[in-house]
Number of protein chains: 2
Amino acid sequence: MNVASKIKRGRKFDQVLAGARVIFLRDGFEGASVDDIAREAGVSKATLYSYFPDKRLLFMEVAKAECRRQAESAAEFDDEGASPRKVLTIAGRRIGDLAMSDMGRGVFRICLAEADRFPEIGREFYESGPLLVRNRLCDYLQRAMDRGQLEIEDVPLAAEQFSELCKADIQVRRLFKQDETCSAQKRNKIVKSAVDMFLARYATEETKIADAAETA
Amino acid sequence: MNVASKIKRGRKFDQVLAGARVIFLRDGFEGASVDDIAREAGVSKATLYSYFPDKRLLFMEVAKAECRRQAESAAEFDDEGASPRKVLTIAGRRIGDLAMSDMGRGVFRICLAEADRFPEIGREFYESGPLLVRNRLCDYLQRAMDRGQLEIEDVPLAAEQFSELCKADIQVRRLFKQDETCSAQKRNKIVKSAVDMFLARYATEETKIADAAETA
DNA sequence: CCTCAAGTGAACTCCGCGGTTTAACTTCCT
DNA sequence: AGGAAGTTAAACCGCGGAGTTCACTTGAGG
């Protein structure tokens, strides 16, 4: 039993949460009505309120769960043996996927919109989203440095740079509903370009030589 | 006279717009009440409605004006004679400033929140914001290529990459209210690192040599 | 000084939403 | 069978915000 949570569990708990997730992600916090959520969840309003004391708490619960879900998808990449190019390409593709996904967009949008009203939402999202990815990346970069593959003065900054590079040209367009689709081909090109740039700056001489041989 | 606009002009037009700007930027679209706006503008609600047919139109007008304002601040950089490092450093600082400003954050936040309900808002913001900056940057990069300073296969992508690099580590934290302040020193470091990385990848050999001499 | 258009403010309508209550119905345990 | 706990649909309350109306003021121009 979840002692920390003040929220009652029960048969229809997950059902309510699932419905709330759909509606909140579609309409945002203000835009979503509790009636809509109850209908979507296939549950009466009274039942909904028997589980969650109010709308705000329900929203927080949904947001937290969603952040956790996404954190999982940014899984670790521990390909110790592989070349930096290979490891970074895989990681970059994951980052790009997250930026393109409907879920990623929805959560980003709502968390940002509500970050002023509910600061803890902003923190929660940041920490279990971008920060988590960055930390994983930092760990890898540090290991690659220890192995003499990379040469970086400011590892956290480098991690952030790589992450941003992978989202170049797609994140903003996606967020603002321009150019809905983005071909896999284009995404590959962006990630490749990001890796090229990152290695041009941070790879040691040996790594560059090995990379040139590998790529050719 | 603005024929295209269906909105009546008049003595208090700008006054209303100014008030709306303050309140919308503070409270968002849903959060802002028309009464608040009228009060802030020092105008009666009736007058407000005599200028703008409804709240949505008023908001659109504010958002459009604000995007234009910001676009201006990302002014052109035609330092033809200067080295790529100098030009890019100045441009990068401007981009960073915009990402850090309250205005920049506010407009971004609200436009994103309303992009689903009012797609034209999303388009307007994207085109007069990020896209405009990118195009300016593209123009410069092309000229630098013509001069043999840079060597780029995909100019628009490179522009986007540089832009993203300049916002690394600050944009997201700023948006989600983490780490409110960011020292000028740190910002300089980020921009310098962005320029370093960009040149490492896209500068021609001669430029790299000249840059090394210049930096030393 | 009179006119008339623009502006005022306060009251008012309408509506949707958050949240509550109630009375009937289902489930399930003993 | 019986009863406690959970669920439901529907009506209901109160509030706050969008938009309207109207009697009244202001001030520039003939």
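Atom set for the values below is all heavy atoms of this structure, side chains included, hydrogens, waters and symmetry mates excluded. So you know, we letter chains A, B, ... as the sequences are listed, proteins then strands, and number each from 1. Here the structure is a predicted model, which means the values were calculated and not measured.
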By the 4.0 Å heavy-atom rule, please label A:Gly42 as base, sugar-phosphate, or nothing.
sugar-phosphate

Roughly, in whole Å, what's the span from CG in A:Asp27 to P in C:dC17?
10 Å

Atom NZ of B:Lys12 and atom C1' of D:dG27 are separated, to the nearest Å, by 12 Å

Between A:Asp116 and B:Arg26, is the salt bridge (Lys or Arg N to Asp or Glu O under 4.0 Å) condition met? List the steps.
CA-CA 10 Å; A:Asp116 284 358; B:Arg26 193 189 65 194; over 6 Å; no

B:Ser44 side-chain N/O to C:dT8 phosphate OP1/OP2 under 4.0 Å
yes

Look at the rings of A:Phe24 and A:Phe29 and say which category their plane angle falls in: under 30° parallel, 30 to 60° tilted, over 60° perpendicular.
parallel

Polar contact flag, side-chain donor to acceptor under 3.5 angstrom, B:Ser44-B:Thr47
yes

Among D:dT7, C:dT8, C:dA6, the one nearest B:Val43 by side-chain distance
C:dT8

Whole angstroms only, please: what is the CD1-C1' distance between A:Ile37 and C:dG16?
15 Å

Gap between atoms CG and C1', on A:Asp36 and C:dG16 respectively (whole Å):
11 Å

Taking N or O atoms only and anything under 3.5 Å, show me the protein contacts with nucleotides 18-23 of chain C, one pair per line.
residue, atom, partner, partner atom, Å
C:dG18, OP1, A:Ala32, O, 3.2
C:dG18, OP1, A:Lys55, NZ, 2.5
C:dG18, OP2, A:Val34, N, 2.8
C:dG19, OP2, A:Tyr49, OH, 3.0
C:dG19, OP2, A:Lys55, N, 3.0
C:dG19, N7, A:Lys45, NZ, 2.8
C:dG19, O6, A:Lys45, NZ, 2.8

Rounded to whole Å, how long is the line connecting atom CZ of B:Arg39 with atom P of C:dT8?
14 Å

A:Tyr51 has an atom OH; how far is it from atom P of D:dT7, in whole Å?
4 Å

Answer yes or no: does atom CD of A:Glu153 have more than 12 heavy-atom neighbours from other residues, nucleotides or ligands under 6.0 Å?
yes

Once you round it to whole Å, what is the distance between P of D:dA18 and CD1 of B:Ile23?
12 Å

ring-ring contact (aromatic ring centres under 6.0 Å, His included) for A:Phe108 and B:Phe176? Distances and angles first, verdict last.
CA-CA 10 Å; A:Phe108 190 98; B:Phe176 290 98; 5.4 Å; yes

Apply the test salt bridge (Lys or Arg N to Asp or Glu O under 4.0 Å) to residues A:Asp97 and A:Arg93: give CA-CA distance (whole Å), side-chain angles for both, the deciding distance (0.1 Å), then the verdict.
CA-CA 6 Å; A:Asp97 287 347; A:Arg93 217 168 303 228; over 6 Å; no

Between B:Leu165 and B:Val195, does the side-chain contact (heavy atoms from CB on, under 4.5 Å) criterion hold? Intermediate values first, please.
CA-CA 9 Å; B:Leu165 283 177; B:Val195 174; over 6 Å; no

Mind calculating the distance between CD (B:Gln15) and P (C:dA6) to the nearest angstrom?
16 Å

